[in-house]
Amino acid sequence: MPKNILVASPHPTFGELLRLSLEECCAYYVRLVQSCKEIEDISQRMNFDLALLDAELSDQPFPETVQRLMERFPNLKLIVFPPENNPQHPDMAGLRPHAYMNKPFYLPDLVEVIESLLSVPSAPASATLAPPPTPAPAWLQDVNTAAQHLTRLLLESSAQAALITR
């Protein structure tokens, strides 16, 4: 089941970049809002697993909005983009997010932070059976055949390079 993520930023382009990136790479359900007022409204209708908030939201006091959101969702994971990329900024006083991110952000870093915050404890190793190793395809056994197969795949796609790993 996809996790629900709330993204709030007063900058439509930045918010949309976050939304599209998370929906495409990780199959999260992302709801985008552009003000503290919208955070209040949407949080009354939907539950969220994680909130990704831009502290530049200025229509209402940011710390108070975050506090109400955390009271409504005690298990909510919170990631904040602090003003001026400074977690010690006065506007951040009293907030205790699970993580801070800077602008511009590196998508793999953001995804790593989100996945670590949303990760569900796995079953004990003794209860999990590892799947049997799958044999390599026949074409991968011979270097020449593998090179031909790879060349054919490259010609059929718009990719500029390919790599086979095992």
Side-chain angles (χ1 to χ4, degrees), residues 1-123 150-166:
M1 175 178 215
K3 300 286 187 177
N4 289 327
I5 296 179
L6 173 64
V7 171
S9 176
H11 309 289
T13 306
F14 180 68
E16 190 64 18
L17 172 68
L18 286 167
R19 184 188 70 76
L20 287 173
S21 298
L22 294 174
E23 284 182 346
E24 288 178 8
C25 82
C26 308
Y28 293 122
Y29 177 72
V30 180
R31 187 66 178 202
L32 176 61
V33 297
Q34 295 179 346
S35 68
C36 291
K37 172 79 171 101
E38 287 181 86
I39 291 174
E40 298 281 334
D41 293 342
I42 193 77
S43 67
Q44 292 177 9
R45 296 188 316 257
M46 293 183 69
N47 292 327
F48 293 98
D49 301 296
L50 184 134
L52 192 57
L53 307 178
D54 185 342
E56 293 181 14
L57 295 165
S58 60
D59 61 313
Q60 294 179 11
F62 184 72
E64 293 167 16
T65 301
V66 173
Q67 185 66 31
R68 285 190 298 272
L69 188 63
M70 296 303 291
E71 288 170 1
R72 187 168 290 130
F73 304 111
N75 295 325
L76 180 74
K77 305 300 182 195
L78 179 63
I79 301 173
V80 174
F81 288 92
E84 301 168 9
N85 289 334
N86 178 7
Q88 307 305 319
H89 192 279
D91 290 349
M92 300 300 295
L95 292 183
R96 304 194 82 189
H98 294 89
Y100 291 102
M101 293 297 297
N102 290 329
K103 293 181 199 173
F105 66 95
Y106 181 54
L107 182 60
D109 289 344
L110 176 62
V111 170
E112 182 180 329
V113 169
I114 290 173
E115 288 178 351
S116 70
L117 290 174
L118 294 178
S119 66
V120 178
S122 59
L150 190 59
T151 301
R152 183 180 53 78
L153 289 173
L154 275 172
L155 292 173
E156 293 174 359
S157 73
S158 61
Q160 295 182 8
L163 174 68
I164 298 175
T165 60
R166 182 170 177 220

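It should be emphasised that the depicted structure is a prediction, and the values quoted were computed from it without experimental measurement.
In this structure, Ile5 and Phe48 approach most closely via the heavy-atom pair C-CD2, 3.7 Å. Contact between Cys36 and Asp59 at its shortest, heavy atoms only, is N-OD1, 2.8 Å. The two residues Pro2 and Tyr29 come nearest to each other via the heavy atoms CB-N, 4.2 Å. Of all the heavy atoms in Leu76 and Met70, the pair that sits closest is O-CE, 3.4 Å.
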Test side-chain contact (heavy atoms from CB on, under 4.5 Å) on Met101 and Val80; report intermediate values, then the result. CA-CA 6 Å; Met101 293 297 297; Val80 174; over 6 Å; no
Between Leu18 and Leu110, does the side-chain contact (heavy atoms from CB on, under 4.5 Å) criterion hold? Intermediate values first, please. CA-CA 10 Å; Leu18 286 167; Leu110 176 62; 3.6 Å; yes
Passes side-chain contact (heavy atoms from CB on, under 4.5 Å), Leu69 versus Leu6? Steps please. CA-CA 11 Å; Leu69 188 63; Leu6 173 64; 4.3 Å; yes
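The line from CZ of Arg31 to CZ of Arg45 is 6.0 Å long, rounded to the nearest 0.5 Å. The distance from atom NZ of Lys3 to atom CG of Asn47, rounded to the nearest 0.5 Å, is 12.0 Å. In this structure, Leu95 CG and His89 NE2 are separated by 12.0 Å, a value rounded to the nearest 0.5 Å.
The ring-ring contact (aromatic ring centres under 6.0 Å, His included) check on Tyr100 picks up nothing, with sequence neighbours excluded. In this structure Asn4 satisfies the side-chain hydrogen bond (donor to acceptor under 3.5 Å, both in side chains) test with no other residue, sequence neighbours excluded.
Between Pro10 and Asp54, the closest side-chain pair of non-hydrogen atoms falls below 4.5 Å. Side chains of Ile114 and Leu50 form a contact here, defined as non-hydrogen atoms less than 4.5 Å apart.
Just one residue in the list Glu16, Gln34, Glu56 forms a side-chain hydrogen bond (donor to acceptor under 3.5 Å, both in side chains) with His11, and that residue is Glu56.
Using a 4.0 Å cut-off between charged side-chain N and carboxylate O, Lys37 and Asp41 make a salt bridge.
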